[in-house]
Q: 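I'd like to ask some things about the structure below.
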Amino acid sequence: MRSKIAGIGYYVPKNVFSNQDLTKYMDTSDEWIQERTGIKERRYADRTGETTTTMGVEASAIAIERAGITPQDIDFIVFATLSPDYYFPGCGVLLQRAMKMKEIGALDVRNQCSGFVYALSVADQFIRSGMYKNILVVGSEKHSFGLDYSTRGRNISVIFGDGAGAVVLQPTEEDNRGILSTHLHSDGESAEILAMYNPGTHANYWQETAYADFKDAEIGEMFMSHEMIDNAQNFPFMDGQAVFKKAVVKFPEVVVEALAANNLKPSDIGVLIPHQANLRISQFVQQKLGLREDQVYNNIQKYGNTTAASIPIALCEAWEEGKIKDGDLVCLAAFGSGFTWASALLRW
Ligand SMILES: CC(C)(COP(=O)(O)OP(=O)(O)OC[C@H]1O[C@@H](n2cnc3c(N)ncnc32)[C@H](O)[C@@H]1OP(=O)(O)O)[C@@H](O)C(=O)NCCC(=O)NCCS
């Protein structure tokens with residue numbers, strides 16, 4: 001038994017934020033952003049009217065309807081995000097509540113840009129084992145609430161956008177259809193290269209450079225202090241070039257791994273959906289694998305990098321645009337913070 005995508009949906013907020021709009025807040029330019037990342041604009045969630053969970057609900061409602069079932073038929077939720085509504089509990093239970101689902105299991109996945117492929121892999125195993133029949137897999141992010149929009153944070157804040165995507169996985173016994181394999185990897189050696197350190201319980205344990213002073217902190221003052229906020233240490237950190245260098249190696253590697261596991265080659269790929277990290281990374285991967293332009297789907301130009309949501313949004317859009325047809329070989333590939341990277345190969 002395999003699992004197949006029985007329904008897919010995505011949601012992006014209405015509010016379009018162009019590169020030009022960002023110049024009101026920081027020293028940047030449309031030219032710089034487009035040249036380095038390919039991004040023209042991104043969507044930002046309504047500040048108080050939308051959350052990571054509510055966007056996940058919008059995408060899930062479409063996926064569930066397209067699968068021909070109702071929210072009450074879902075028997076497990078896997079929710080991937082790095083920008084949850086609450087530090088805890090996770091978004092899975094908030095979605096379960098919002099969609100009035102049964103008292104089913106809800107699992108949150110914290111694997112950043114690889115989150116959706118990790119979540120899909122977990123769901124795939126539960127279907128293959130026969131444990132569940134209708135699993136909802138969601139990737140959703142509200143980045144616009146947690147980035148540094150001053151010039152200090154421009155290397156990160158110009159890249160990210162908000163949105164959500166979801167799929168319903170069901171078992172299938174059809175030959176040659178559904179998820180053929182998934183491949184998951186991690187290397188924690190560079191965990192601090194793309195990370196948000198605070199709030200956290202690390203107390204500088206992993207850091208050679210002290211980012212915040214915990215020495216004299218009283219009990220109860222160590223999780224989030226005024227000093228951290230005053231010094232903007234509550235924002236993510238990224239060494240962009242180090243991420244870029246690793247990404248262009250690991251993306252092709254994990255695609256080749258997926259193809260080899262199924263005795264397939266790059267020319268067999270109908271559509272590659274790379275995590276939308278940076279258009280330059282996608283183009284590099286395309287070139288390295290010797291793929292034609294029409295074999296790789298990119299929409300980062302419109303949405304920026306939406307982390308766990310980027311693959312399901314792109315997959316859904318590509319399908320809605322008729323670029324993925326029944327029987328096509330689709331490859332999903334992701335790389336991000338951790339570092340973690342992953343791929344999934346499926347026959348649509
Ligand atoms: C982030 C990224 C676009 C930056 O491009 P880069 O060519 O590496 O740029 P650098 O960080 O070396 O910075 C070059 C200069 O541009 C400046 N700069 C950074 N962000 C800028 C912005 N938004 N606008 C204008 N200038 C900017 C830097 O301050 C630096 O200036 P300096 O030379 O005067 O010091 C690129 O490294 C990247 O895409 N990396 C991968 C990131 C990624 O995919 N992250 C998600 C992982 S899933």
Side-chain angles (χ1 to χ4, degrees), residues 17-42 80-83 109-119 139 141 143-144 146-163 165 184-188 190-196 232 235-255 273-286 298-301 303-314 332-343:
F17 222 77
S18 70
N19 293 344
Q20 195 57 37
D21 292 331
L22 288 171
T23 64
K24 290 180 214 146
Y25 302 89
M26 63 186 80
D27 179 12
T28 189
S29 66
D30 178 43
E31 193 191 2
W32 192 98
I33 300 170
Q34 284 210 50
E35 191 186 305
R36 309 283 176 121
T37 69
I39 300 166
K40 294 186 163 93
E41 58 191 37
R42 72 285 294 139
T81 185
L82 67 67
S83 51
V109 165
R110 303 189 33 163
N111 284 72
Q112 297 67 251
C113 297
S114 309
F116 184 79
V117 183
Y118 265 75
E141 305 286 359
H143 287 309
S144 59
L147 297 176
D148 182 355
Y149 285 97
S150 72
T151 297
R152 185 182 47 208
R154 65 184 175 174
N155 69 320
I156 298 183
S157 50
V158 301
I159 295 178
F160 293 93
D162 300 342
L184 311 179
H185 296 281
S186 73
D187 176 4
S190 307
E192 284 75 22
I193 275 180
L194 174 50
M196 185 165 138
F235 293 118
F237 169 84
M238 177 174 76
D239 176 344
Q241 292 201 11
V243 175
F244 199 104
K245 281 182 195 147
K246 192 85 171 179
V248 294
V249 173
K250 292 301 175 189
F251 262 113
E253 205 174 279
V254 80
V255 171
I273 311 273
H275 160 57
Q276 300 293 291
N278 179 324
L279 190 61
R280 307 292 161 243
I281 295 178
S282 293
Q283 287 165 339
F284 201 93
V285 173
Q286 177 190 328
N298 290 302
N299 61 7
I300 190 170
Q301 302 90 329
Y303 304 133
N305 178 342
T306 57
T307 309
S310 96
I311 286 183
I313 293 175
L332 314 179
F335 176 87
S337 160
F339 292 130
T340 61
W341 59 102
S343 62

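We count ligands from 1, going down the list as the structure has it; atoms in each ligand are counted the same way.
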Q: Phe251: which residues meet the ring-ring contact (aromatic ring centres under 6.0 Å, His included) condition with it, sequence neighbours left out?
A: none
Q: List the atom of Ile311, the atom of Ala334, and the distance in Å for their closest heavy-atom pair.
A: CD1-CB, 3.9 Å
Q: Quick one: list whatever passes ring-ring contact (aromatic ring centres under 6.0 Å, His included) with Phe116, sequence neighbours left out.
A: none
Q: Could you measure the distance from the CG atom of Asn155 to the CD atom of Gln241? Nearest 0.5 Å is fine.
A: 10.5 Å
Q: Can you list, by chain and residue number, every protein residue with a non-hydrogen atom closer than 4.0 Å to ligand 1?
A: Asp27, Thr28, Trp32, Arg36, Thr37, Cys113, Arg154, Asn155, Val158, Ile159, Leu194, Met238, Gly240, Gln241, Val243, Phe244, His275, Ala277, Asn278, Ile281, Asn305, Phe335, Gly336
Q: Using the ring-ring contact (aromatic ring centres under 6.0 Å, His included) criterion, which residues pair with Phe160? Sequence neighbours excluded.
A: His143
Q: Should we say atom CZ of Arg280 is surrounded by more than 12 heavy atoms from elsewhere, each under 6.0 Å from it?
A: yes
